[in-house]
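All values below come from the heavy atoms of this structure, side chains included, with hydrogens, waters and symmetry mates left out. Below, chains carry the letters A, B, ... as their sequence lines are ordered, and counting in each starts from 1.
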Amino acid sequence: TAGITQAPTSQILAAGRSMTLRCTQDMRHNAMYWYRQDLGLGLRLIHYSNTAGTTGKGEVPDGYSVSRANTDDFPLTLASAVPSQTSVYFCASSVGQGTGELFFGEGSRLTVL
Amino acid sequence: EDQVTQSPEALRLQEGESSSLNCSYTVSGLRGLFWYRQDPGKGPEFLFTLYSAGEEKEKERLKATLTKKESFLHITAPKPEDSATYLCAVSSSNTGKLIFGQGTTLQVKP
């Protein structure tokens with residue numbers, strides 16, 4: 001099975017432009033998450049969704065928005081990218097909220113110039 | 001404030017040389033402690049869940065243990081394919097969200 005599919009794999013973006021990172025899961029998991037991973041800072045939670053139709057803010061939500069229209073898809077949007085949003089972004093899912101067993105995608109490497 | 005600290009940041013071992021990775025944590029009500037493995041250019045892969053002090057979990061050459069303040073990931077007779085970054089995370093009963101440490105990058109040389 002594919003598990004978590006993220007797109008694009010990598011992207012270079014001009015500052016001020018908008019960008020949507022796509023995430024799709026085929027495991028019918030209720031909870032989904034977006035993390036960013038930066039050298040020296042580890043994985044930090046941006047936004048999460050405990051179930052379709054609901055979303056919540058994580059540790060570093062500013063400049064990002066998410067939606068959860070259905071169980072499978074959880075896109076992350078940068079409305080106006082800034083260089084500090086240069087990072088590797090990981091989408092993850094879990095069977096339910098509160099479980100620490102997350103399934104991660106392969107990541108999307110974003111460079112904002 | 002909930003916090004996770006991993007040490008060392010990097011560890012180089014010879015094949016067959018056993019060692020341990022440390023994960024120290026402070027959390028308001030531990031719901032669980034989790035270990036992940038991350039290969040370069042890949043997403044983290046779940047390894048273990050530990051719920052209470054004294055609990056141990058094993059998988060091949062890896063054994064994870066838990067006390068009230070820290071967890072250890074013991075690697076017995078490592079092989080080059082064990083080279084990866086190992087991440088520790090905790091979930092607090094207050095927030096239910098995972099807090100990750102910065103990881104230990106392990107390199108095992110043949």
Treating Ile, Leu, Val, Met, Phe, Trp and Tyr as nodes and any side-chain heavy-atom pair under 4.5 angstrom as an edge, say whether [X] and [Y] lie in one connected cluster.
| X | Y | answer |
| --- | --- | --- |
| Leu73(B) | Leu106(B) | yes |
| Ile99(B) | Tyr86(B) | yes |
| Trp34(A) | Val60(A) | yes |
| Leu66(B) | Ile75(B) | yes |
| Tyr64(A) | Val88(A) | no |

Residue pair Phe90(A) / Gln38(B): nearest heavy atoms and the distance that separates them: CZ-NE2, 3.5 Å
Interface residues of [range] facing chain B - heavy atom cut-off under 4.5 Å:
| range | value |
| --- | --- |
| residues 5-22 of chain A | none |
| residues 37-50 of chain A | Gln37(A), Gly40(A), Leu41(A), Gly42(A), Leu43(A), Leu45(A), Tyr48(A) |
| residues 103-110 of chain A | Phe104(A), Gly105(A), Glu106(A) |

Drop me the distance from [X]'s [atom1] to [Y]'s [atom2], to the nearest 0.5 angstrom.
| X | Y | atom1 | atom2 | result |
| --- | --- | --- | --- | --- |
| Leu102(A) | Phe34(B) | CG | CZ | 9.0 Å |
| Gln97(A) | Ser91(B) | CD | OG | 10.5 Å |
| Tyr36(B) | Glu101(A) | OH | CD | 7.0 Å |
| Leu98(B) | Tyr35(A) | CG | OH | 4.5 Å |

Side chain, backbone, both or neither of Glu9(B) within contact of chain A (heavy atoms, under 4.5 Å): neither
Which atoms of Leu33(B) approach chain A - backbone, side chain, both or neither, heavy atom under 4.5 Å: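 When you check distances to chain A, no heavy atom of Leu33(B) falls under 4.5 Å.
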Neighbours of chain A found in residues 42-59 of chain B - heavy atoms under 4.5 Å: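 If one takes a 4.5 Å heavy-atom cut-off, the residues of residues 42-59 of chain B near chain A are Lys42(B), Gly43(B), Pro44(B), Phe46(B).
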